Amino acid sequence: MRDVRRKFGQTPAIDGVTLSVSRGEILGIIGRSGAGKSTLIRCVNGLEQPDSGSIRIEGQEITGLDERALRPMRRRIGMVFQHFNLLSAKTVAQNIALPLKIAGQPKEARRKRVAELLDLVGLNDKAGHYPSQLSGGQKQRVGIARALAAEPALLLSDEATSALDPETTQSILALLKDINKKLGLTILLITHEMDVIRRIADRVIVLDRGRIVEEGPVWKVFANPQAPVTQSLLQVLAPTLPAFWAERLSPAINDMAIVRVNLSGDTARRPFFNELTAASGLATQLIHGGMDTIQGEPVGTIFIALPARDAEKFSAAIAHLNTHADAAEVLGYVSGDD
Ligand SMILES: Nc1ncnc2c1ncn2[C@@H]1O[C@H](COP(=O)(O)OP(=O)(O)OP(=O)(O)O)[C@@H](O)[C@H]1O
């Protein structure tokens, strides 16, 4: 996608977006409501024509194509929706077979393909059920199977888990990841939830008012978000100091400093506490937080209590943290009696 723009009246929904997605990659696109995510995805599947710019899929330019010329291209793209968009009067098997029927596949080939897809999404026993007899997660599995029916190269997922409870969300995300691995399918994943990005995306793009404000491998963006929008979207996942400690904090120097430390990648692969003690002579207490693993990389925030009465040792500890952690911030001080 190169310098794609789309305006509605005076509002630029997409304001000069340039991005590429590699084959087999899961690219997460995140942004607040109104950031332009749906417009972007609608441009990719040809439902919306950009005002300017270029969109190529497997080397072929799709902007400017009429409906007829778009048809073969659309077959290369599967779409999964937030509200599943299943036909209520058709069974699970019929819903999944629909794109194949439209493409003119013979009955026997359709039957075989539907059986494969039911197997892939774990709904073998539901072929004859109607959507109303299924749970939300099962409906989305049908939606995914239908999207995959015509063996697309690209799957567009528009808030596919937004209507699901957390547990079902996990299972649908695991299914998408599994399909990505098994079939080498490229996935463009639109969401407003950072946790969805964290669980399955390889790379993330943050949209704000139609522009890309941040982009990078997921673990790096999580470890060190630069754009205010990214920081605020990540806020819900960030560990915070428990109230017990927050209530006792004071800006006046006291026995212990409470310090928030961010670690990731190489800074997190070191014997943190040993090195801090070696550099400062201070014994440190871990009071809250921990490490996560994103794309195999350690990323985390910890809160430590550091003895603060010995100014020289304390400065040595802070100097060490400033050079050996991604970020370190003294939040305040507490009495040793706490
Ligand atoms: N058909 C349309 N007519 C007029 N304005 C539109 C149209 N579609 C989108 N917009 C506007 O373009 C901007 C981007 O909308 P879009 O739906 O792409 O955002 P989004 O990030 O998908 O939001 P949400 O998460 O709420 O779905 C918004 O200001 C929206 O009001």
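What you are looking at is a predicted structure, and each value in this text was computed from that prediction instead of being measured. Just so you know, ligand 1 is whichever comes first in the structure, and atom 1 is the first atom listed for that ligand.
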**Message:** Check this for me: does any side-chain nitrogen of one of Arg5 and Asp51 sit under 4.0 Å from a carboxylate oxygen of the other?
**Reply:** no
**Request:** Consider only side-chain heavy atoms of I, L, V, M, F, W and Y, link residues closer than 4.5 Å, and tell whether Leu156 and Val17 are in one cluster.
**Result:** yes
**Message:** Regarding ligand 1, does Glu159 bring an N or O atom to under 3.5 Å of one of the ligand's N or O atoms?
**Reply:** no
**Residue, atom name and distance, where the atom is the protein heavy atom closest to atom 25 (O) of ligand 1** = Lys37 NZ, 2.9 Å
**Prompt:** Could an N or O of ligand 1 be found under 3.5 Å from any N or O of Gly36, whether backbone or side chain?
**Reply:** yes
**Request:** Just let me know how Arg32 lines up against ligand 1, side chain, backbone, both or neither, with a heavy-atom cut-off below 4.0 Å.
**Result:** backbone
**Item:** Non-hydrogen protein atom less than 4.0 angstrom from atom 30 (C) of ligand 1
**Value:** no
**Request:** Would you confirm whether Thr91, through its side chain, and His129, through its main-chain N or O, come within 3.5 Å as a donor-acceptor pair?
**Result:** no
**Message:** Among all protein heavy atoms in this structure, tell me which lies nearest to atom 26 (O) of ligand 1, with the distance rounded to 0.1 Å.
**Reply:** Ser33 OG, 2.6 Å
**Request:** Return the residue, atom name and 0.1 Å-rounded distance of the protein heavy atom closest to atom 11 (C) of ligand 1.
**Result:** Phe8 CD1, 3.9 Å
**Item:** Connected via hydrophobic side-chain network under 4.5 Å: Ile187 and Ile294
**Value:** no
**Asked** Which of the atoms in ligand 1, numbered in the order shown and given with their element, are less than 4.0 Å from a heavy-atom of Ala35?
**Response** 19 (O), 20 (P), 21 (O)
**Asked** Mind checking whether Gly31 has a heavy atom under 4.0 Å from ligand 1?
**Response** no
**Message:** Strictly distance-based, threshold 3.5 Å: is any side-chain N or O of Glu214 a donor or acceptor partner for the main-chain N or O of Ala227?
**Reply:** yes
**Trace of the side chain to side chain contact (heavy atoms under 4.5 Å, CB included) decision for Met79 with Asp158** = CA-CA 8 Å; Met79 183 93 194; Asp158 193 358; 4.1 Å; yes
**Message:** Distance under 4.0 Å to a non-hydrogen atom of Thr39: what atoms of ligand 1 satisfy this?
**Reply:** 9 (C), 15 (O), 16 (P), 18 (O)
**Message:** Among Gly210, Pro12, Gly34, Gly9, which one puts a heavy atom closest to atom 23 (O) of ligand 1?
**Reply:** Gly34
**Message:** Please determine whether any non-hydrogen atom of Arg42 lies less than 4.0 Å from an atom of ligand 1.
**Reply:** no
**Prompt:** Do you know which of Thr301, Thr267, Asn262 makes side-chain hydrogen bond (donor to acceptor under 3.5 Å, both in side chains) with Asp326?
**Reply:** Thr267
**Message:** Out of the candidates Leu237, Val236, Leu173, only one should pair with Asp195 under the side-chain contact (heavy atoms from CB on, under 4.5 Å) rule; please name it.
**Reply:** Leu237
**Request:** Counting heavy atoms only, name the option from Ser162, Ala13, Ser38 that's nearest to atom 12 (O) of ligand 1.
**Result:** Ala13
**Fill in**
Minimal heavy-atom distance between Leu207 and Lys37, with the atoms involved, is CD1-N, 3.8 Å
